[in-house]
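Letters A, B, ... are given to chains in the order of the sequence lines, protein chains preceding strands, and every chain is numbered from 1.
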Amino acid sequence: MTYLRPNFRHPDAPTNRIGFTEKDYEGALSTLCAGCGHDSISSAIVSACFELSIEPHRVAKLSGIGCSSKTPTYFLSNSHGFNSVHGRMPSVTTGANLANRDLIYLGVSGDGDSASIGLGQFGHVVRRNLNMLYVLENNGCYGLTKGQTSATTDLDSVNKAGVNNPFEPIDLTKLALQLGATFVARSFSGDKEQLVPLIKAAISHRGFAFIDVISPCVTFNNNPGSKKSYDFVREHCEATATIDFVPMQEEITTAYEPGSTKEVTLHDGSVIRLQKPMTDYRPDNRHAALEALHRAEQRGEILTGLLYIDEDPSDLHDTLNTVSTALNALDEEALCPGNKVLQSINRSFR
Amino acid sequence: MTYLRPNFRHPDAPTNRIGFTEKDYEGALSTLCAGCGHDSISSAIVSACFELSIEPHRVAKLSGIGCSSKTPTYFLSNSHGFNSVHGRMPSVTTGANLANRDLIYLGVSGDGDSASIGLGQFGHVVRRNLNMLYVLENNGCYGLTKGQTSATTDLDSVNKAGVNNPFEPIDLTKLALQLGATFVARSFSGDKEQLVPLIKAAISHRGFAFIDVISPCVTFNNNPGSKKSYDFVREHCEATATIDFVPMQEEITTAYEPGSTKEVTLHDGSVIRLQKPMTDYRPDNRHAALEALHRAEQRGEILTGLLYIDEDPSDLHDTLNTVSTALNALDEEALCPGNKVLQSINRSFR
Amino acid sequence: MSVVNAASASFQSGKKANQALNELVVKFANVNGTGSASANNLFAKAIFRMGLPVSPKNIFPSNIQGLPTWYEVRISEKGYLARRDGVDLMVAVNPQSMVKDVREVVSGGYFLYDSTKPLDLRLVRDDVNYIGIPLTAMCLQEYTDPRQRQLFKNIIYVGALAALLDIEFEVLTGLISDQFKGKEKLIAPNVHALELGYQYAAKHFDCPLAIKVERRDLVGDKILVGGNDATGLGAIYGGATVAAWYPITPSTSVVEAYEKYAKRLRIDAGTGKQKFAVIQAEDELSAIGMVIGAAWNGARAFTATSGPGISLMSEFLGLAYFAEVPAVLVDVQRTGPSTGMPTRTQQSDLLACAYASHGDTKHIVLLPSTPKECFDFTAQAFDLADRFQTPVVVLSDLDLGMNDHLCDPFDWDDSRRYDRGKVLDAEQLDQLTAEGKRFGRYLDVDGDGVCYRTYPGTHPNKGSFFTRGTSRDEYAIYTEDGSVYAENMDRLLKKFDTAKSAVPEPVSIPSHKGRKPQFGIILFGTSVFAVEEAMDTLADAGLHGDALVVKAFPFHPEVEAYLARHEQVFVVEQNRDAQMRTLLMSELDESPGKLIPLLNYDGMPLTASKVVSEIRATMTRDAVAEKEPVSAGAAE
Amino acid sequence: MSVVNAASASFQSGKKANQALNELVVKFANVNGTGSASANNLFAKAIFRMGLPVSPKNIFPSNIQGLPTWYEVRISEKGYLARRDGVDLMVAVNPQSMVKDVREVVSGGYFLYDSTKPLDLRLVRDDVNYIGIPLTAMCLQEYTDPRQRQLFKNIIYVGALAALLDIEFEVLTGLISDQFKGKEKLIAPNVHALELGYQYAAKHFDCPLAIKVERRDLVGDKILVGGNDATGLGAIYGGATVAAWYPITPSTSVVEAYEKYAKRLRIDAGTGKQKFAVIQAEDELSAIGMVIGAAWNGARAFTATSGPGISLMSEFLGLAYFAEVPAVLVDVQRTGPSTGMPTRTQQSDLLACAYASHGDTKHIVLLPSTPKECFDFTAQAFDLADRFQTPVVVLSDLDLGMNDHLCDPFDWDDSRRYDRGKVLDAEQLDQLTAEGKRFGRYLDVDGDGVCYRTYPGTHPNKGSFFTRGTSRDEYAIYTEDGSVYAENMDRLLKKFDTAKSAVPEPVSIPSHKGRKPQFGIILFGTSVFAVEEAMDTLADAGLHGDALVVKAFPFHPEVEAYLARHEQVFVVEQNRDAQMRTLLMSELDESPGKLIPLLNYDGMPLTASKVVSEIRATMTRDAVAEKEPVSAGAAE
Ligand SMILES: Cc1ncc(C[n+]2csc(CCOP(=O)(O)OP(=O)(O)O)c2C)c(N)n1
Ligand SMILES: Cc1ncc(C[n+]2csc(CCOP(=O)(O)OP(=O)(O)O)c2C)c(N)n1
Ligand code: SF4
Ligand code: SF4
Ligand SMILES: [Mg+2]
Ligand SMILES: [Mg+2]
């Protein structure tokens, strides 16, 4: 079901420093719903990697399970990818990174994948400061299993099945800050102007970089107040009780200035208020970042942008003091102590 | 291996409001190491329940796996107990509470149980505001499996196997505050004066109450600077490479005034600095509590006492709008809609 | 016949056209997310209301929008409900899958397509009849809202099918009225769309076709319902008050159904409060933990999951087995392992459920074949779990759970009381003391391996005990004594043995006209539809067998008796590794030579033809072998 | 004899005293946390250094301090290493367990106790010889530091045993010197304590006793080592660079050993940096996830766990099976299910490992019997995992892993190269293109079911693929096509079949003097010690059998051949549910009637007498049955 894009390459397409066109960073055709925020993120990843002139095959893409976790198929088709099991991308990425410190690790996850089943692994990969970019494609619901609430769903929002969410959402940026993440940012899937530079910065960061990307699920994330044009159709679907009609939607895009607040209307008519910190906001204080998040929240705003960065962290390989050669590149020579040593070990057992 | 205490009851032992003596709240003889902080916590639980005049059988004790999780055997022998599986006490307690809202739920866990394998369940039980007391018996190590570091182990401390801990500890009080816990406190196992009232308050709280109790593992939690009297013996054990010698230790107790700081020397000679907030500290602001924790930490102090309380929270039963009768007390009459209704349901399938 | 669309002028008419009355397969090839499933369901339900046995299968992709999806409807007045290969009429409105779709049509069958654009010539087969309807064009003309354009396309083709297959139009309008009760303004537009299709077909083609339907009185009071709905309802009737779950296809709709019915039937009249609690856990480990906690505390609790959840729950299942805590768990199987094919069916979790967990463990597993059994077995599962103080798995599958099945109506004996098993209340505890006896949680008082328990909070100073997953004696006191451990494990086996006669009995399918069976068949779950049909076909070919539909693990004594009566038994199952066969050998010491595996594991529901061909091949081979014995002089 | 302590005057001397040379069981009953294990180990090692086969078993509780703990040492110049019932000399220094301890002494045996306080008269048996040594009093007098008082008590009784059993004192002092190399100041005090004990015994009792030891030359170049140490070392030699684990008894010391050796042998000489990474994960799910991630990325990685970890890892194991990612997993089994008896041994995770995960899965399982095999099989596990791109479980148990075993020394062929399996590098990928071929991750190019893989980062534009646990085609492209799924599952079976001849071969134990065997025995792991001894005993009684020690799953063809050669085979295993027998039936279609389960599951290592009595009972019963056939007229 995964279609490979036609391999047509435009002769005048601009190339980057190492001679690749943006097309070289693309993946298979997406099978997500039309207008899904996750697709916008994939395209931001493509742009960021192109602009950074990364060799595509030096990236490893890892994910859990969910619509979001499917996306690594839809970018960087010359990279190896690993769509693992639900909620466990962090551990798989940790192992991969330990095996070969020389690649770039790009982990993609959903809010269900990270904040529900994966909360434990999320907390611990942060704590270990694994050198990776962790992209949370946060749509506040379970897309792939048809719209249940997740742990980041807003309080009192109503899902497709008409169930009201009675729980406070978990804000993973706060948790990441609390647990010692060395790069924490938030953005909006449709805000390429903000998202692409953040991804670039995160990839360049030598340590754990977390980006919480608000990414609207056009199909299931419907807030209650919504009174949009397709009421008739919606009622129709409700009556038939099969959630199998997904109207075609357009990608939601936005752009706004640092220091400003922007209201973004989602497909269902609900509105979120995104806020970019002032240009003089200095993301060098973990505690201040938590403060800023807290204040924005009190104003009903979602603070976006780079919230915190520790510019010189020590990553897991530093902590473990591993050799600079990738562990997967060591051979018998380097690894096997040989029979002579073994015989002396035998002596210790006599 | 669990010995029941001799059933001798002193005739003049004081009784509480409902006629029980403190003995009636005790459990089987502990099989923990002499001097283990966990035993002090058990005794504080006994005192608190006695003083609150709780009917012992109206308490349900639940735990995970670990030395800490064994302790429910050592108090309240007239209560049902459930020593479940490692890291999953929160889910088992959630189920138990849903089944019968009328009992008092006392969950006991260790730092390995809660902050390592159980981090996800911890986060989610907090978020659901389950009406329970969650006692974290926090010794900063894995006691039962012989002294490995846990996620709350101090940075750079060295365990019995000589391994240095390179990771920042997770502070579960902060996490609990962040995730919306409605009662958050910290104490020290040996500070009965502070601990007993906190347990009483927590039991009386109608919602999720979390107490992080620093509880020294006299056997495995040895900090590096330690140069105490039994060096000879320690070296002896190191040389034989079997960690099976556990010197007899005394319980560590302490007492100090609100607003003051107290240095407590642990068995290995290392020192921790406990701090009680001033009497005018008002535990009614979640954000301020996080602030206070942050400031104490910066001073190298461990803030103890009641950090935050929401006096009128809605617990999970409120959220789910369940009936006031315990669900486990409903019978066929209340639960089974009967054949007539079923026949009308049949009609909807034709 | 003029079924070829005039617009695509190059096709010729006058091809061979099959004839069929009330025996056909209609398949819909759509794109998911376009609202086709409900339209296709309307079609299936109309057939059902015409008194005809019908069996719809939704074959959907593991994404939300934009990928090929199919809906197969088998109509059979003979009453065959299994999937059948070969499509008599294909409604092909998805260009992505058309190449494949056209191949599936039987020779002489029909291919209905959207003729707004001309058909790709490469798709044209000489032996298939093409029916072009300009669905998109009709919608463009009729509707302005793009969403309505998409949605009503499906209703239009259902209307067309009514004309083509001779479906009673009033049945369709009746269904529309029922469906939109309370939203009456939606009725007229839907009926209008049906009429559009009907009239287009009636006008352009010789309606009805030579394949068609006609009212019969063959479904009686039967119902058409999905297994997951039935399971959710069974949990209501069985008295479940706590449902903890984590979403996973194809089990999600079990708890959704439970909640739907609970919100209707379990609201306290006075206060409006809920006599149940549904909790979406953070994962499967938490979900089963909640179930165990609730059941330990005396509530009836359950979870529903699929394979990955079973794997994650297995430590907890071992705990419940050893600590003897009831738990009801519904596993709606999908194709495994790992994430597998989450939208395809299989029976490959059998071993994982029967023996879930490390250490020596065995769990009760119930094996429903129909929604009716989903309802009955789920309700019964709570009794069994309470009675035997152990996990009980209701093992369903995607086909059973998510597709509608024709089955007997649900019924409930109002005099039935829940069997809560051996639970002592305060009075009984006092009585024990009066008799000078000591309560022992794990004392085998009755010699059946089942002990007495108490709920927390029962008595101020009697009956409390400590539950643990570590070894303990008969009084629930911790011990590491090896013989105590071994005796307890033996008692657990005895308990499992006691359960054998308490689980649902197997159901036998006799041979044709009571002929002496030449072979036996053992099967379970949704394989029953294919096997029943296959037995008829085989009997027609002179091959007579009987069959036993196993309904539970541990095996009821009748399973052993059946095996003893047969020399050769086909074990039909929908997995690769012949898991039921392994269970039969290991639990009943049955000879492998006697048990011939008959396996299907491509994720599609089993067909009768697969069963027929495999049995026929074996029987023929054996017959040949018998006739041509190894020549006397042959070496060993 | 004057072994009865004068202080407790009421005991009489002149009892029957057994005689034994180099064939005895000495058991120590202590309290845990008192440092006894290392003293007891000193005792065992001294026997070993006297050239005598010895087999120590540490039987410890699941807590840290204050509960009864035992240490059993079997000395056997015949070379029997199994546990043996009946204690010849009990060193009983724990009042808590004395009642039980005294019962275990054989008639005519010895009971050494701390006579500081008089012995409880109820503990006195007429047929046992009591040896009182005032251990506490001696320590009180000798040491001031309470910790030294406790610690040296153990060394003192070892000294006393030297005198009583005639252990060469220099061997003990030699061991002390070795042990405290680098901490020389500790040597003298230890030797002093030994002397204290020695002299007390020499002075108060007729030393040596009638049971005693004498130097032999029976251990050759053998070593005395625990299986977990060997496993950790095997991982070093096998080239593992990533170890991710979560602590759990009894597997903890596997990764601890790996880390210990790695810190010695895997430090880069120039930089002091580590050529390995050990990571204590937050739980078992994370540990196996890390292993899979690392192995996917081309490193050799492993984890070690016990039963509960296997349960938790099973979803991930299904992923690795299906996605074909190598992974090495050591399961040191303890008594299950659930938390079970974490400090007791068992072989009850066999099925859980062989079939781990929902869906159809089978995993390679290696079954070491000795530390030497732990070393060899662990190193080999990495080759097998790479070669077959699938999880490999090294299935050990507590007895093997945590107790010292006498075994052949480790050795390594320096010319041996790691078998990294079918991995294409950049050059080979270019070559493929040059040949006009397309790389297909799941293409069965060689027809053995094993495909070619590439590591991430290999080539700028060739060889990348997407790994997933959902269905995909031969080019790793996602598909939900049922036939593609089924073909892939069939190929996985073929791959498993290919593995049969690559796994370690079974080892046969011939019958005595080549006598025609009357029965066969199939066994695995630590049951080998008891079975070897039992075969001798049975042979003495005229019952001749041979045995096959199975070393791996899938079964090597030789296992099937062995079964074919025998009519009656006892399947010896240390679990309740006869899990190996189930595997034999289900994988080899072996007849249940032929396979007689011989089970031990109380958590203690199997004894020869258990094997002997069960086999003898069956054989006698069969013999009787043969002689008395059912009378001709009897009804069916
Ligand atoms: C162990 C396990 N449990 C449940 C599922 C079913 N499942 C698949 S995706 C998903 C949730 C996805 O939500 P999220 O991570 O937010 O991704 P989204 O689809 O919203 O992008 C679930 C529950 C699974 N695949 N595995
Ligand atoms: C699934 C599982 N993994 C590992 C273990 C082994 N285990 C037992 S207790 C424990 C850690 C206990 O640490 P903590 O919770 O801090 O309790 P403490 O003993 O320190 O009080 C571990 C890892 C287990 N019982 N179950
Ligand atoms: S369901 Fe939601 S998250 Fe999934 S692809 Fe569609 S829009 Fe995106
Ligand atoms: S090991 Fe530590 S935590 Fe466990 S009982 Fe002993 S002192 Fe307490
Ligand atoms: Mg989501
Ligand atoms: Mg701890």
Side-chain angles (χ1 to χ4, degrees), chain A residues 1-2 4 24 28 55-58 60 62 65 72-73 77-85 88 90-100 102-103 120-121 123-124 128 316-317 320-332 334-339 341-343 345-346 349-350, chain D residues 49 221 223-225 233 236-237 239 241-242 244 265-266 268 271 273-277 279 281-283 285-287 289-299 301 315-316 319 409-414 417-418 454-461 464-470 477-480:
Chain A
M1 304 290 152
T2 305
L4 288 168
D24 294 316
E55 290 179 282
H57 73 296
R58 305 303 294 170
L62 298 105
I65 300 288
T73 319
S77 55
N78 275 319
S79 307
H80 276 64
F82 197 160
N83 194 184
S84 63
V85 291
R88 320 295 177 195
S91 60
V92 178
T93 309
T94 303
N97 185 310
L98 288 176
N100 183 357
D102 294 338
L103 302 184
Q121 294 218 344
H124 285 276
R128 293 193 185 100
L316 185 59
H317 279 282
L320 297 180
N321 195 29
T322 45
V323 288
S324 56
T325 318
L327 293 178
N328 75 352
L330 299 173
D331 60 6
E332 290 87 351
L335 298 176
C336 186
N339 195 42
V341 170
L342 195 55
Q343 295 317 313
I345 291 173
N346 276 334
F349 296 128
R350 282 185 192 125
Chain D
R49 287 215 180 160
D221 65 350
I223 56 177
L224 187 65
V225 63
L233 195 58
I236 295 278
Y237 274 77
T241 50
V242 175
L265 306 170
R266 283 278 193 79
D268 185 61
T271 58
K273 286 184 179 279
Q274 303 192 155
K275 289 187 284 189
F276 68 97
I279 190 140
E282 63 273 27
D283 63 15
L285 286 106
S286 178
M290 290 177 189
V291 168
I292 288 171
W296 172 77
N297 213 3
E315 186 196 12
F316 252 132
L319 170 76
F410 304 136
D411 69 311
W412 188 261
D413 174 359
D414 283 328
R417 288 290 157 267
Y418 297 151
T454 56
Y455 299 151
T458 296
H459 193 290
N461 53 32
S464 74
F465 65 92
F466 206 80
T467 304
R468 36 165 81 80
T470 42
I477 306 292
Y478 184 76
T479 175
E480 292 172 355

Return the [atom1] to [atom2] distance between [X] and [Y], rounded to the nearest 0.5 Å.
| X | Y | atom1 | atom2 | answer |
| --- | --- | --- | --- | --- |
| D/W296 | D/Y455 | CH2 | OH | 12.5 Å |
| D/T241 | D/K275 | OG1 | NZ | 11.5 Å |
| A/I345 | D/L233 | CD1 | CG | 4.5 Å |
| D/I477 | D/F465 | CD1 | CZ | 11.5 Å |
| A/L98 | A/N328 | CG | CG | 11.0 Å |

Name the region of [X], side chain, backbone, both or neither, that has any atom closer than 4.5 Å to a heavy atom of chain A.
| X | answer |
| --- | --- |
| D/F276 | backbone |
| D/D221 | both |
| D/N461 | both |
| D/R417 | both |
| D/V291 | neither |
| D/A277 | both |
| D/L319 | side chain |

As an exercise: rank [options] by heavy-atom pairs under 4.5 Å with chain A and give me the winner.
| options | answer |
| --- | --- |
| D/R49, D/K273, D/H459 | D/K273 |
| D/A287, D/A301, D/P409, D/P460 | D/P460 |
| D/T271, D/D411, D/I236, D/D283 | D/D411 |
| D/A299, D/A244, D/G289 | D/G289 |

Need one label for [X]: side chain, backbone, both or neither, based on atoms under 4.5 Å from any heavy atom in chain D.
| X | answer |
| --- | --- |
| A/L330 | side chain |
| A/E55 | neither |
| A/P56 | neither |
| A/I65 | neither |
| A/P90 | neither |
| A/T322 | both |
| A/L103 | side chain |

Chain D: which of [options] shares the most heavy-atom pairs with it under 4.5 Å?
| options | result |
| --- | --- |
| A/A99, A/G81, A/C336 | A/G81 |
| A/H317, A/R58, A/Q121 | A/Q121 |
| A/S324, A/G120, A/A334 | A/A334 |

Practice item. Give the ring-plane orientation class for A/F349 versus D/F410, where under 30° counts as parallel, over 60° as perpendicular and anything between as tilted. Key: perpendicular
Point to revise | Qualifying residues under side chain to side chain donor-acceptor pair (under 3.5 Å), relative to D/T470, sequence neighbours excluded | key: none
Check your understanding: Among all residues two or more places apart in sequence or in another chain, which pass the side chain to side chain donor-acceptor pair (under 3.5 Å) test with D/T454?
Key -> A/H80
